[in-house]
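Just so we're clear, the structure is a prediction, and the values are computed from it rather than from any experiment. Chain letters run A, B, ... following the sequence lines, proteins first and then strands; every chain starts at 1.
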Number of protein chains: 2
Amino acid sequence: MKLVYEKPGFLPALRELVRCNQAFERFSATHVRTLELTPPQFDVIATLGNTTGMTCGELGEKTLITKGTLTGVLDRLEERKLVSRRADITDARRTHIALTTLGEQMFARAFPAHLHHLSRAFDRLPPEQLKAMLSALAELRGAFEKELAA
Amino acid sequence: MKLVYEKPGFLPALRELVRCNQAFERFSATHVRTLELTPPQFDVIATLGNTTGMTCGELGEKTLITKGTLTGVLDRLEERKLVSRRADITDARRTHIALTTLGEQMFARAFPAHLHHLSRAFDRLPPEQLKAMLSALAELRGAFEKELAA
DNA sequence: TATTGTTATACTCTATAACTATA
DNA sequence: TATAGTTATAGAGTATAACAATA
C-alpha cells in the first residue's frame with residue numbers, strides 16, 4: 001500500500017510550509033523584539049487590544065498559550081503595567097485581564113507598526129496570489145485543528 | 001496616503017497566516033515531543049539525515065538556529081549520543097557534525113513518523129489546492145527572506 | 001585581522017503536575 | 001466533584017556579547 005505521505009506534491013508542499021513558517025517566525029519575531037515585547041507578549045497585547053478584556057481562559061484559547069505559561073507571561077506584563085488583573089464579579093475563580101492605559105498605548109504603537117513591518121513582505125505578492133493563499137491556508141489550518149482534536 | 005497594510009486582502013491573509021502558523025507549530029511540535037525530541041532537535045536530526053554531516057555554520061544556516069543556541073542544542077544531542085562532533089581536517093576552526101549510528105536510527109524512525117503525522121492534515125486537501133498553496137508559500141517565503149536581508 | 005565555534009549571562013517560554021479557592 | 005488560575009519544578013531555547021583557537 002502506498003504510503004500516505006507519498007501523495008503527489010506532499011513533500012515539496014510540506015518543505016515549503018516548514019521553510020515559510022520559519023522565515024515568517026524569524027521575520028516577525030525579530031521585529032517584535034524591537035518593540036520591547038517577546039512574541040507571546042505581543043500576542044497577548046494584540047489579542048487584548050480593542051476589547052474590554054477577557055478571562056485567562058479566553059486569552060489562552062485565542063493565543064494558544066497554556067494556562068501555566070500564561071500566568072508567567074501575564075506576570076511580566078503586569079509588572080510592566082501593561083495589563084491589569086482583577087477578579088471576576090460573577091465568578092471569583094476567574095481573573096479578568098485587560099490592557100492598562102499604558103498597555104493601550106503599547107497596543108496603539110506596536111500593533112500598526114508590526115502590521116506595517118509584515119506588509120513589507122506581503123506587498124511583494126500580487127492580490128490574486130494573496131487570495132489564493134488565504135483560501136489554501138484557511139483550509140490547511142482547519143485540517144490541522146481537526147487533526148489535533150481527533 | 002493610503003497605508004500599505006490597507007492593501008485589499010492583506011489583513012485577512014495575514015490573520016490566516018498567523019493562525020495557520022500557530023496551528024501548524026502546535027500540530028507539529030506536539031508530535032515531535034512524542035518522539036523524545038524538541039522541535040530544534042528534530043530540525044537538526046532531519047537536516048543531518050541522509051548526509052555525511054556538515055559544519056556548525058552550515059547547520060545553523062539550514063535550521064535558522066544561531067550559533068550560540070546551536071552549541072547548546074548539539075550539546076544535548078551529543079550527550080544522548082545522537083550526533084558526534086569532530087574537528088574539520090582542513091580547517092581546525094570548524095567542527096564537523098554528523099549523526100551517529102544511534103542518530104541515524106533516530107532519523108530513520110522519527111522522520112518518516114513525523115511526515116506521516118503531518119500527512120494526516122495534508123490529506124484533507126485536494127492536490128490542486130496543495131499546488132496553489134505551494135506556489136504562494138514559496139513566493140511569500142522569498143519575500144520574507146528578501147525583507148530580512150534588506 | 002577575520003572567522004568558527006564555545007562560553008557566559010540572564011531571561012523567557014515550555015510542559016507537567018500539584019495545589020488553592022471558588023463553584 | 002469540577003473548574004479557574006496559580007505555584008512549583010526542571011529543562012530548553014533565545015539574544016547578546018565576550019572569548020579562544022585558528023586562519
Q.
More than 12 heavy atoms of other residues, nucleotides or ligands under 6.0 Å from CG of Asp75(B): yes or no?
A.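 Check passes, neighbour count above 12.
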Q.
Around atom CG of Asn50(A), are there more than 12 heavy atoms from other residues, nucleotides or ligands closer than 6.0 Å?
A.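 No.
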Q. Which part of the nucleic acid, if any, lies within reach of Thr38(B) when heavy atoms closer than 4.0 Å are counted: base, sugar-phosphate only, or nothing?
A.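 Answer is sugar-phosphate: Thr38(B) comes under 4.0 Å of backbone atoms only.
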Q: May I ask you to say what Thr95(A) touches in the nucleic acid, namely base, sugar-phosphate or nothing, with a heavy-atom cut-off under 4.0 Å?
A: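 Thr95(A): backbone/sugar contact only, no base atoms under 4.0 Å.
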Q. Can you name the closest pair of heavy atoms from Thr63(B) and Gln22(A) and give their distance?
A.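 Closest heavy-atom pair between Thr63(B) and Gln22(A): O-NE2, 3.5 Å.
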Shortest side-chain distance from [X], nucleotide among [options]:
X	options	answer
Arg76(A)	dG13(D), dT12(C), dT3(D)	dT12(C)
Thr71(A)	dT14(D), dG5(D), dA23(D)	dG5(D)
Cys56(B)	dT14(C), dT6(C), dA23(D)	dT6(C)

Using whole Å, report how far [atom1] of [X] lies from [atom2] of [N].
X	N	atom1	atom2	result
Gln41(B)	dG13(D)	CD	C1'	10 Å
Glu79(A)	dC11(C)	CD	P	11 Å
Leu70(B)	dT3(C)	CG	P	19 Å
Leu82(A)	dT12(C)	CG	P	13 Å
Lys67(B)	dA2(C)	NZ	P	14 Å
Leu64(B)	dT14(D)	CG	P	10 Å
Asp91(A)	dG5(D)	CG	P	8 Å
Asp88(B)	dA21(D)	CG	P	18 Å

Q: Check for a donor-acceptor pair, side chain of His117(B) on one end and backbone N or O of Val32(B) on the other, with a separation under 3.5 Å.
A: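 A pair under 3.5 Å: no.
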Q) When the nearest nucleotide of DNA chain D is assigned to Arg26(A) and to Gly72(A) on a heavy-atom basis, which residue is associated with the more 5' position? A)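 Closer to the 5' end of DNA chain D: Gly72(A).
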Q.
Heavy-atom nearest nucleotide on DNA chain D for Thr30(A) versus Thr55(A): which residue maps closer to 5'?
A.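 Comparing both residues, the 5'-ward one is Thr55(A).
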Q | Side-chain N or O of Thr66(A) closer than 4.0 Å to phosphate OP1/OP2 of dA15(C) | A |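 For dA15(C), OP1/OP2 do have a side-chain N/O of Thr66(A) under 4.0 Å.
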Q: Kindly say if Arg85(A) contacts the phosphate of dT6(D), meaning a side-chain N or O under 4.0 Å from OP1 or OP2.
A: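 The answer is yes; a side-chain N or O of Arg85(A) sits under 4.0 Å from OP1 or OP2.
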Q.
Between the base of dT4(C) and the side chain of Arg94(B), is there a donor and acceptor pair under 3.5 angstrom?
A.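 No such pair is found, so the answer is no.
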Q.
Can you work out whether Gly68(A) or Ala92(A) has the more 5'-proximal nearest nucleotide on DNA chain C?
A.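 Taking each residue's closest nucleotide, the earlier one in sequence belongs to Gly68(A).
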Q) Can you get from Leu64(B) to Met54(B) by hopping between Ile, Leu, Val, Met, Phe, Trp and Tyr side chains that sit under 4.5 Å apart? A)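 Different clusters: Leu64(B) never reaches Met54(B) through Ile, Leu, Val, Met, Phe, Trp or Tyr contacts under 4.5 Å.
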